[in-house]
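Along the sequence shown, residues carry numbers from 1.
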Amino acid sequence: MTEFAGELSPPFEIVEPTSWRAPIIFNSPHSGSVYPADFLDASRIDLAALRRSEDSFMDELIVHLSERGFPTVRVNFPRSYVDVNREPYELDPRMFTGRLPSFANTRSMRVAGGLGTIPRVVGDGQEIYRERLDVDEALNRIEVLYKPYHRGLRRLINKAHQAFGTVIVVDCHSMPSVGVSRDEPRRPDVVIGDRYGTSCAPLLPDLVEETMSALGYSIGRNKPYAGGFITEHYGNPASGLHTVQIELNRAVYMDERRRERGPRFAQVAADFATLADALAEVPLGDLGPFQAAAE
């Protein structure tokens, strides 16, 4: 891990069960909370402000699932440092000194919003850095953090796919209880994202909605979150590769202002186990190959 070996060791963790119960992988890419000292030194905002981008404790809500036969993946570095739910080179040239590689995607909507692979802002729009970063610093983060994570996730997906003929990735996130815009309606407890029917067989988001609704959660679909790079990139229903994103309202399981676990934390973790059990009951033959819905 070169210079990141100390503070960010390991940069991510994959926990496989002794025996796989089903080809279902629970992934938490945005719950990392280990902030390198040089990153904090370069930031114009304090740690509390940086942490507003975290899906705090999301990894803890799913980590116990490995004991129930489901592999789990958690990222330890923060998304404000490197965001693995982006293309590898979604980079804003205004952030850097030096020339970006010609293949960098500098014009995506996420880059325009300041939320590229190396983010310019945190979730509420505050600028992160005092000064421009050296482009080699950004490229090094991608090489030693972003790429190894995706190699590890891809190996895990391939292992499941080869063993079972199909695989489900449940990409687990959390969202602020209220949006930035006052015009946005009250957010539901859970938003299910399937890229508008293209990232998985429709029975999967239907089952997630049915299960979580029965547990008392209010449900939304694809708005305001339809799924990011991971959902889109790893979802290929025609090949038996299914990804579904779950966005959990932070007010359900934590105190957002104090950034502490809330009184329902243990129950929410138990509800994720119930969801995992429900998904494990889906007949594998119903999952692929499956033609995704037309956009």
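- At most 12 heavy atoms of other shown residues, nucleotides or ligands fall within 6.0 angstrom of atom CZ in R99.
- Looking at residues two or more places apart in sequence or on another chain, you find a salt bridge (Lys or Arg N to Asp or Glu O under 4.0 Å) between D83 and R79, R86.
- There is no path of hydrophobic side-chain contacts, each under 4.5 Å, that joins V111 to L139.
- Placement of M212 and M175 in two distinct hydrophobic clusters is found when ILVMFWY residues are connected by side-chain heavy-atom separations under 4.5 Å, directly or transitively.
- Atom SG of C172 sits about 12.5 Å away from atom NE2 of H30, to the nearest 0.5 Å.
- Using a 4.0 Å cut-off between charged nitrogen and carboxylate oxygen, E60 and R261 count as a salt-bridge pair.
- The pair D255-R257 does not meet the salt-bridge criterion, since no charged nitrogen lies less than 4.0 angstrom from a carboxylate oxygen.
- Put simply, the side chain of S199 never gets that close to the backbone of G235: no donor and acceptor are under 3.5 Å apart.
- Under the side chain to side chain contact (heavy atoms under 4.5 Å, CB included) criterion, E209 pairs with I192, S213, I219, R221, sequence neighbours left out.
- Residue R68 holds its CZ atom at 14.0 Å from CD1 of I62, rounded to the nearest 0.5 Å.
- Take D46 and apply the side chain to side chain contact (heavy atoms under 4.5 Å, CB included) test, not counting sequence neighbours, and it matches A48, A49.
- No donor-acceptor distance shorter than 3.5 angstrom exists from the side chain of S239 to the backbone of L241, with no hydrogens or angles considered.
- When atom types are taken as modelled, the side chain of N85 and the backbone of I230 share a donor-acceptor pair closer than 3.5 angstrom.
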Practice prompt. Under the side-chain contact (heavy atoms from CB on, under 4.5 Å) rule, what do N27 and H173 come out as? Steps first, then yes or no, please.
Written response: CA-CA 9 Å; N27 180 50; H173 298 258; over 6 Å; no

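- At a cut-off of 3.5 Å, with distance as the only test, no side-chain donor of D171 or Y234 sits close to an acceptor on the other residue.
- Taking 4.0 Å as the cut-off between side-chain N and carboxylate O, R250 and E256 do not count as a salt-bridged pair.
- Looking at every heavy atom in both residues, L115 comes nearest to V122 through CD2-O, 4.4 Å.
- With hydrogens and angles disregarded, a donor-acceptor distance shorter than 3.5 Å links the side chain of T117 to the backbone of E90.
- Taking CZ from R141 and CD from E137, the interatomic distance works out to 4.0 Å, rounded to the nearest 0.5 Å.
- At least one donor-acceptor pair under 3.5 Å links the side chain of E7 to the backbone N or O of A37.
- The minimum heavy-atom distance linking R187 with N249 is given by the pair O-ND2, 3.5 Å.
- Looking at every heavy atom in both residues, I168 comes nearest to L287 through CD1-CD1, 3.7 Å.
- Take F164 and apply the ring-ring contact (aromatic ring centres under 6.0 Å, His included) test, not counting sequence neighbours, and it matches no residue.
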Practice prompt. Apply the test side-chain contact (heavy atoms from CB on, under 4.5 Å) to residues S28 and T72: give CA-CA distance (whole Å), side-chain angles for both, the deciding distance (0.1 Å), then the verdict.
Written response: CA-CA 8 Å; S28 179; T72 61; over 6 Å; no

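- Cluster membership check: V63 does not share its hydrophobic cluster with F70, using side-chain heavy-atom separations under 4.5 Å among Ile, Leu, Val, Met, Phe, Trp and Tyr.
- You'll find the side chain of V82 reaches within 4.5 Å of the side chain of I118, heavy atoms only.
- Side-chain atoms of D55 do not come within 3.5 Å of backbone N or O of M58 as any donor-acceptor pair.
- In plain terms, the two heavy atoms of G113 and V121 that are nearest each other are O-CG2, 3.6 Å.
- With R132 contributing its side chain and R94 its backbone, the two residues share a donor-acceptor pair below 3.5 Å.
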Worksheet item: So F39 and D41, side-chain contact (heavy atoms from CB on, under 4.5 Å) or not? Walk me through it.
Response: CA-CA 5 Å; F39 178 47; D41 290 343; over 6 Å; no

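- Defined by atom type and a distance below 3.5 Å, a donor-acceptor pair is present between the side-chain atoms of N76 and E13.
- For the side chain to side chain contact (heavy atoms under 4.5 Å, CB included) test, residues two or more places apart in sequence or in another chain that qualify with R51 are S33, Y35, L47, E54, S56, R259.
- A perpendicular orientation is assigned to the rings of Y253 and F57, their planes being inclined by more than 60° (bins at 30° and 60°).
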Show me the side-chain donor-acceptor pairs of residues 18-26 shorter than 3.5 Å, one per line, residues at least two apart or across chains.
unit_1 : atom_1 : unit_2 : atom_2 : d
W20    : NE1    : E16    : OE1    : 3.1
R21    : NH1    : D277   : OD1    : 2.7
R21    : NH2    : D277   : OD1    : 3.4

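- Atom CZ of R154 is separated from atom CD1 of I157 by 5.5 Å, given to the nearest 0.5 angstrom.
- Using modelled atom types, one finds no donor on one side chain facing an acceptor on the other under 3.5 Å when comparing Q162 with N158.
- Y146 and F229 have tilted rings, their planes meeting at an angle from 30° to 60° on a 0 to 90° scale.
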